[in-house]
Amino acid sequence: MSQTYNIAVLPGDGTGPEVVVEGVKVLDAAAAKFGFKLNYQYYDFGGDRYLATGEVLPENAPTELGTYDAIFLGAIGHPDVKPGILEKGILLKLRFELDQYINLRPVKLFPGVPTPLKDKGPEHIDYVVVRENTGGLYTGIGGFTMKGTPDEVAVQSMVYNRKQVERAVRYAFEYTRKRNKKNTLALCGKTNVLTYVYDLWERVFHEVGRADFPDIKREYYHVDATCMWMVKNPEWFDVIVTGNMFGDIITDLGAITQGGMGIAAGGNINPFGVSMFEPIGGSAPKYTGLGVINPLAAICSGQMMLDHLGETEAAAAVEKSVMYVTANKLKGMGAGKMGHSTSQVGDMVAEGV
Ligand code: IPM
Ligand code: MN
């Protein structure tokens, strides 16, 4: 009997729906070829629904989404909605409520993809950032006092407990071992200034590594230096583990080195629950409906979802097909620069699976 997976699909805002169509096209091609079934249930959460109903996310949504095998998301963010409302109310809310405590972001340069890094190619840019995804500055602890006066104070605290740090670090060690490339895990922190939070991270990192992962080499970089080496010597990296805010920032840098937001994929992972896969870029509203947006980030997120579901052969086939397309078919990665429309790129990848 063939395996069936139930997938919640959240196309979201802007170009999200367009890239999701292509992601689903490729997922279906993989399912047909490798003999499993995908059932999709669509949800209209996003800016348009909020503007029409005043509701950001129905109260039961996290619980309901938690009953699926995985979630496939396009993009959240609407030009007519004040920044923060949809991001906090939908994206971050789901990450938190579903306890997706890892944000897994591969930085991999595919063949044929232009990188702004001089003299670097696919052999130099192939590492993974394990971003802690539910704590740190994103906890949202803070507030204003004397708001609107010259004495106004605003506070937003970087909060981590040991359990959060330990589970992220353990995941990263295990991931590094399973990946089995350089068997090197780098902690990205700021122990010279954030002498409480990253002291905790550093102690946990070495304790866990020493006790349970002696086969994995440990390295440490400050976050500012990490940015420098990601540009100058990306080939040094295998797996990087870091807190939520640093992870957010360095993965945009990583994304641009692998060809930009059109191709950078990610997964919000709960290793014991329901995970959510999404392109790491935004909703790119100015390109909505033009058929020019690059769907590869969504397609690669789908590929990560297949891998996560255990359909590893199908996932490998999707990646191979994407690589063939980047190496042989596309002129560029940016919106309107591919030499093909959004759906043509989806067709080419689907046909090659
Ligand atoms: C990301 C995004 C989000 C984040 C925003 C939209 C809340 O930048 O997924 O990287 O900061 O995590
Ligand atoms: Mn980000």
Side-chain angles (χ1 to χ4, degrees), residues 5 7-34 36-48 70-79 110-114 255 258-267 276-306 311 314-353:
Y5 302 100
I7 310 297
V9 184
L10 280 58
D13 299 316
T15 50
E18 293 163 61
V19 298
V20 158
V21 167
E22 305 313 314
V24 167
K25 190 187 277 177
V26 172
L27 287 169
D28 282 340
K33 170 121 193 236
F34 290 88
F36 57 91
K37 286 203 180 73
L38 296 162
N39 287 334
Y40 305 102
Q41 185 69 50
Y42 285 80
Y43 290 86
D44 65 352
F45 307 143
D48 288 331
I71 304 167
F72 188 51
L73 182 143
I76 298 291
H78 195 291
F110 287 158
V113 176
Q258 69 177 117
M261 290 305 178
I263 195 160
M276 176 166 76
F277 297 84
E278 54 163 335
I280 90 164
S283 58
K286 69 176 176 185
Y287 298 116
T288 306
L290 303 179
V292 297
I293 195 80
N294 188 338
L296 289 179
I299 291 169
C300 292
S301 305
Q303 179 257 323
M304 291 179 73
M305 183 171 86
L306 292 177
E311 297 295 342
V318 170
E319 188 180 71
K320 207 168 146 221
S321 180
V322 170
M323 284 187 178
Y324 181 80
V325 168
T326 60
N328 301 292
K329 303 282 186 188
L330 299 190
K331 291 210 178 87
M333 288 296 119
K337 304 216 171 84
M338 299 181 291
H340 299 273
S341 71
T342 303
S343 70
Q344 284 171 333
V345 174
D347 287 344
M348 288 189 287
V349 177
E351 275 156 27
V353 168

For [X], enumerate each residue passing the ring pair (Phe, Tyr, Trp, His ring centres under 6.0 Å) test, keeping only those at least two apart in sequence or located in another chain.
X      : result
Phe34  : none
Phe277 : His308
Tyr324 : none
Phe45  : Tyr43

### Query
Hey, mind stepping through Tyr42 and Leu10 against side chain to side chain contact (heavy atoms under 4.5 Å, CB included) and telling me if it holds?
CA-CA 6 Å; Tyr42 285 80; Leu10 280 58; over 6 Å; no
### Query
Has the side chain of Asp13 got a donor or acceptor atom that lies under 3.5 Å from a matching backbone atom of Gly46?
no
#### Entry: Under 3.5 Å donor-acceptor, Thr326 side chain and Gly112 backbone
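Side chain of Thr326 to backbone of Gly112, a donor-acceptor pair under 3.5 Å: no, none is there.
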Side-chain donor-acceptor distances from residues 345-353 under 3.5 Å, at least two apart:
unit_1: Asp347; atom_1: OD1; unit_2: Lys25; atom_2: NZ; d: 2.7

### Message
Restricting to side chain to side chain contact (heavy atoms under 4.5 Å, CB included), what partner residues turn up for Lys37, sequence neighbours left out?
### Response
Ser2, Thr4
#### Entry: Minimal non-hydrogen separation, Phe36 against Ala314, with atom names
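The pair with the smallest heavy-atom distance is CE2-CB, 3.8 Å.
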### Message
Could you report the tightest heavy-atom contact between Val322 and Cys300, atom names first, then the distance?
### Response
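Minimum heavy-atom contact is CG1-SG, 4.1 Å.
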Name all residues meeting the side-chain hydrogen bond (donor to acceptor under 3.5 Å, both in side chains) criterion together with [X]; count only those two or more places apart in sequence or in a different chain, and write none if there are none.
X      : answer
His340 : none
Asp44  : Arg49
Glu278 : Arg95, Asn268
Glu311 : Tyr5

### Query
Between atom CG of Leu330 and atom CD of Gln344, what is the distance when rounded to the nearest 0.5 Å?
10.5 Å
### Message
For a 4.5 angstrom cut-off between non-hydrogen side-chain atoms, does Val325 reach Phe110?
### Response
no
### Query
Would you say the side chain of Ile7 lies within less than 4.5 Å of the side chain of Gln41, judging by non-hydrogen atoms?
no
Donor-acceptor pairs under 3.5 angstrom involving side-chain atoms of residues 279-298: please list them, not counting sequence neighbours.
unit_1: Ser283; atom_1: OG; unit_2: Gly77; atom_2: O; d: 2.7
unit_1: Thr288; atom_1: OG1; unit_2: Pro285; atom_2: O; d: 2.7
unit_1: Asn294; atom_1: OD1; unit_2: Leu296; atom_2: N; d: 2.8
unit_1: Asn294; atom_1: ND2; unit_2: Met333; atom_2: O; d: 2.8

